[in-house]
Colleague: 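The following block contains the structure, expressed as structure tokens.
Lettering of chains follows the sequences in order, A, B, ..., and the numbering in each one begins at 1.
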Protein chains: 2
Amino acid sequence: MVSTLKPQLGANPERARSHNKQLVLRAIRHVGTAGRAEIARASGLSTQAVSNIISDLLGEGLLIEQGVRSAGRGLPVQQYAIKPDGGYAFGVEVRPTAVFTALVDLVGTPVLTRRTPLRSAEKSTILETVFAQLDSVLTETQIGKGALMGAGIVMPGPFGDTGLTGTDSELPGWNTGDPAEIFANTLDLPVFVENDANAAAMAERMNGIARGLDDFAYLYFGQGLGLGLVQKGQILQGAFGNAGEIGHIQVLVDGQAVALESATSRLSVQAFLAREGLEVTNMEDLISLYSSANRHLLLWLDNAAQALSSALSIIENLFDPQTVILGGAMPDELLDHIIARTALPERSVSNRPDRVHPRLMRGTSGRMTATLGAAALVLHQAFTPTIAEAR
Amino acid sequence: MVSTLKPQLGANPERARSHNKQLVLRAIRHVGTAGRAEIARASGLSTQAVSNIISDLLGEGLLIEQGVRSAGRGLPVQQYAIKPDGGYAFGVEVRPTAVFTALVDLVGTPVLTRRTPLRSAEKSTILETVFAQLDSVLTETQIGKGALMGAGIVMPGPFGDTGLTGTDSELPGWNTGDPAEIFANTLDLPVFVENDANAAAMAERMNGIARGLDDFAYLYFGQGLGLGLVQKGQILQGAFGNAGEIGHIQVLVDGQAVALESATSRLSVQAFLAREGLEVTNMEDLISLYSSANRHLLLWLDNAAQALSSALSIIENLFDPQTVILGGAMPDELLDHIIARTALPERSVSNRPDRVHPRLMRGTSGRMTATLGAAALVLHQAFTPTIAEAR
DNA sequence: AGCGTTAACTCAACTTTCTTGAGTGTTCAA
DNA sequence: TTGAACACTCAAGAAAGTTGAGTTAACGCT
């Protein structure tokens with residue numbers, strides 16, 4: 001979901017330049033540092049065009065010179081890299097009880113992250129809090145608003161009034177109106193809104209384990225379980241922005257059909273352990289239970305792995321991704337355990353001898369993944385050529 | 001899967017023009033006939049640019065003048081339409097025992113369709129047959145090869161060596177090498193290869209019930225059951241071209257987990273009825289059983305509808321499409337019956353009050369859907385702007 | 001019926017951006 | 001030492017889009 005006007009699909013010199021600029025930035029980002037000729041080959045532009053564009057980008061402060069490198073014959077290569085402070089992205093994760101914010105620089109390094117409790121989950125409170133945080137973050141970091149390229153907002157999906165409405169941890173009052181537009185008006189910035197799983201997937205793609213991957217799926221442990229889908233480098237949103245609602249599909253655990261997220265989610269492990277009289281409220285509780293090899297937790301993990309195996313079969317056969325990443329608000333040890341115990345379906349298009357990536361990998365999880373992913377939405381946009389595909 | 005070299009991502013005047021041309025063609029195709037100003041508004045180009053492009057396209061024989069229409073004030077609109085004989089697409093569907101071919105004009109009207117039995121399912125036999133058919137079709141229709149814009153090939157997936165290899169009706173010898181490239185070399189044409197479900201989805205989008213839809217799913221009754229996914233107007237292919245292999249995922253029928261296509265496919269109904277001593281070999285047999293309200297068939301239909309309901313839940317929640325279309329090699333009556341009996345999952349992101357399309361619709365099925373879809377792949381390309389999104 | 005307004009379209013000048021080809025400088029290898 | 005390979009720059013040229021003024025036709029108000 002984006003807050004933009006109708007895209008201008010036609011190409012003219014100006015739009016072509018903008019497109020090519022982003023192409024050059026992306027090519028440089030892809031390899032870290034690069035010279036003109038290399039970029040020209042990667043983009044299909046002439047060296048001269050790349051030269052001109054680079055000189056523009058240097059002027060705009062988006063690139064820095066990175067010394068020369070003499071590689072083989074010929075004139076040594078003058079190299080360029082993304083200038084980290086060439087721009088910033090504001091990432092926001094809205095949860096019912098708190099707002100997480102992050103300011104991230106152009107290469108994806110977090111400059112500052114914060115957690116701000118919410119007085120209430122009211123729409124107006126959220127908007128005020130986010131606005132105040134933006135303001136305070138900018139003054140604290142001494143970064144001008146002009147350097148801000150946009151804001152990414154992570155909100156619990158699904159968006160709009162759907163058959164899943166009324167479940168989980170929703171926020172009241174957002175079913176009407178386009179959230180992206182509302183935030184864009186409040187913040188006076190380009191705004192991108194996604195659910196946690198999609199944002200987390202983008203975070204992994206920008207700076208995590210999914211760097212360089214263009215087609216993958218991300219299973220995100222949030223309150224429930226979400227699925228972020230990246231196809232040809234783009235988030236798969238669906239017609240109404242609600243693709244990836246995997247939590248409610250039925251999977252098999254011990255021959256019984258259950259909703260995936262009733263077997264595989266943070267709420268699920270809490271409920272499962274509560275039935276055994278164990279109260280876990282945070283990740284540390286889980287870690288200590290795991291390190292003491294608590295048999296109830298181990299049982300839950302096995303159930304989760306079983307459910308996950310079914311889910312994996314569905315995801316792989318429907319999307320044929322390069323890999324499936326597991327991450328989110330769950331301790332790394334537990335994710336690793338689940339991954340090790342998850343049977344990789346044999347009857348799957350992903351079961352191919354020539355694979356280069358494992359079928360199931362752990363993400364660089366952490367509490368802030370989704371928030372940083374929110375910021376990554378903005379960066380992704382900045383590095384994505386603008387002349388759009390057909391609609 | 002496409003047989004092209006690395007795409008030239010950079011924009012230059014020439015590529016911009018090609019992009020804009022396709023934009024204009026698509027805008028005209030979208031509404032049937034259109035004037036310059038209208039196209040300019042739709043594309044974000046100036047009227048003048050559109051004028052120049054239209055004059056080019058007239059010269060290339062891709063457009064025809066379509067008289068004037070005086071709409072309100074102002075100078076009457078000079079209208080243009082796609083010239084049907086401005087180009088042709090060759091569609092091929094390869095099955096183990098026969099090759100189906102179709103020649104389709106620029107607006108999607110079939111000029112000629114054929115079924116050619118195969119002497120064997122050998123790769124070389126197939127290539128020879130397809131080549132001979134292309135030749136014979138061109139001479140019979142008196143259409144020059146220069147007017148051919150490309151060939152679309154439908155082959156049973158999955159492509160490459162996967163965990164699903166060894167099942168169903170595969171063709172031997174295609175697991176190595178890129179089929180698109182092999183056909184491109186044989187036919188000396190741009191070639192697009194997809195599975196039957198994807199091609200059928202494109203057929204529906206070009207001239208069928210999915211006209212104007214950009215995000216939908218197509219459940220295709222072939223030998224098994226395939227899923228064609230269209231996202232933002234493009235076929236979702238997956239990292240290795242095998243997305244949509246839905247037939248092998250587990251669904252619930254009467255509380256039992258079964259593979260979807262063991263409950264919902266042509267093979268499935270044949271097997272089910274065979275167990276009751278009923279032999280059906282073609283669609284007519286099914287139709288007559290249905291019109292006599294055969295209780296075994298009705299039972300199978302109920303099972304199929306149950307399985308489909310599970311599948312629908314998965315498809316809707318993972319893709320959030322505008323609609324799901326059911327079609328392929330199954331009589332319309334039976335499809336309608338299944339659709340009427342399929343419970344629409346309540347817990348689905350597609351269960352929204354503001355829907356405009358039904359959640360489940362019947363495609364304009366027919367024996368040739370996939371073959372015409374093969375041709376539609378070529379047409380789709382011709383109407384899709386070329387400056388690509390990020391990869 | 002007359003006349004101003006609206007709208008589509010064309011013409012010609014101008015602008016932006018890309019490409020091309022010649023030229024320069026550096027490095028490696030024979 | 002010399003020539004080939006390669007990165008890059010300079011200057012000229014080409015392609016395609018935009019802009020703004022001008023033309024034509026239809027509508028609608030008086």
Colleague: Looking for any heavy atom pair under 4.0 Å, which part of the strands does Ser51(A) touch: base, sugar-phosphate only, or nothing?
Modeller: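 Sugar-phosphate contact only - Ser51(A) comes under 4.0 Å of backbone atoms but never of a base.
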
Colleague: Where the side chain of Asp320(B) meets the backbone of Phe240(A), is there a donor-acceptor pair that is under 3.5 Å apart?
Modeller: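 Between the backbone of Phe240(A) and the side chain of Asp320(B) there is a qualifying donor-acceptor contact (under 3.5 Å).
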
Colleague: Between Ser70(A) and Val50(A), who's closer to the 5' end of DNA chain C by nearest nucleotide?
Modeller: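 Between the two, 5'-proximity favours Val50(A).
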
Colleague: Applying a 4.0 Å non-hydrogen cut-off, can you work out what Gln48(B) is touching in the nucleic acid: base, sugar-phosphate, or nothing?
Modeller: base

Colleague: May I have the distance from Ile54(B) (atom CD1) to dA16(D) (atom P), rounded to whole angstrom?
Modeller: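 Those two atoms, CD1 and P, are 16 Å apart.
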
Colleague: Can you find a heavy atom in the side chain of Lys145(A) that is under 4.5 Å from one in the side chain of Leu189(A)?
Modeller: yes

Colleague: Can you check the Arg15(B) CZ to dT16(C) P distance for me, whole Å?
Modeller: 22 Å

Colleague: Can you find a pair of side-chain heavy atoms, one from Lys83(B) and one from Leu106(B), that are under 4.5 Å apart?
Modeller: no

Colleague: Could you tell me how far apart Glu14(B) (CD) and dA14(D) (P) are, to the nearest whole angstrom?
Modeller: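 From Glu14(B) CD to dA14(D) P: 14 Å.
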
Colleague: So, Glu204(A) side chain and Thr364(A) main chain: donor-acceptor pair closer than 3.5 Å or not?
Modeller: yes

Colleague: If the cut-off is 4.0 Å, is Arg36(B) near the phosphate of dT10(C), judged by side-chain N/O to OP1 or OP2?
Modeller: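 Yes, such a contact exists.
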
Colleague: Could you please name the option among dA26(D), dA8(C), dG17(D) that lies closest to any side-chain atom of Ala37(B)?
Modeller: dA8(C)

Colleague: If you look at every heavy atom in Thr384(A) and Gln234(A), which pair is closest and at what distance?
Modeller: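 Taking Thr384(A) first and Gln234(A) second, the nearest heavy atoms are CG2-OE1, 3.8 Å.
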
Colleague: Could you tell me the separation between the CD atom of Gln79(A) and the C1' atom of dC8(D), rounded to a whole number of Å?
Modeller: 14 Å

Colleague: Write down the distance between CZ (Arg17(A)) and P (dT16(C)), rounded to a whole number of angstrom.
Modeller: 11 Å

Colleague: Rounding to an integer number of Å, can you tell me how far Leu45(B) CG sits from dT19(D) P?
Modeller: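 These atoms are roughly 11 Å apart.
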
Colleague: Return the 5'-most residue of the pair Arg73(A), Pro13(A) with respect to DNA chain C, ranking by each residue's nearest nucleotide.
Modeller: Pro13(A)

Colleague: Please tell me which of the listed nucleotides, dA7(C), dT19(C), dT17(C), lies nearest to the side chain of Ala49(A)?
Modeller: dT19(C)

Colleague: Just N and O in the side chain of Asn20(A): are any of them under 4.0 Å from OP1 or OP2 of dT17(C)?
Modeller: no

Colleague: Rounded to whole angstroms, how far apart are CG on Leu75(A) and C1' on dG25(C)?
Modeller: 6 Å

Colleague: Does Arg41(B) have a side-chain nitrogen or oxygen under 4.0 Å from the phosphate oxygens OP1 or OP2 of dA8(C)?
Modeller: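 It does, given that an N or O in the side chain of Arg41(B) lies less than 4.0 Å from OP1 or OP2 of dA8(C).
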
Colleague: When the distance from NE2 of His19(A) to C1' of dG17(D) is rounded to whole Å, what number comes out?
Modeller: 17 Å

Colleague: Does OP1 or OP2 of dT17(C) have a side-chain N or O of Asn12(B) closer than 4.0 Å?
Modeller: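 Checking Asn12(B) against dT17(C): no side-chain N or O falls below 4.0 Å of OP1 or OP2.
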
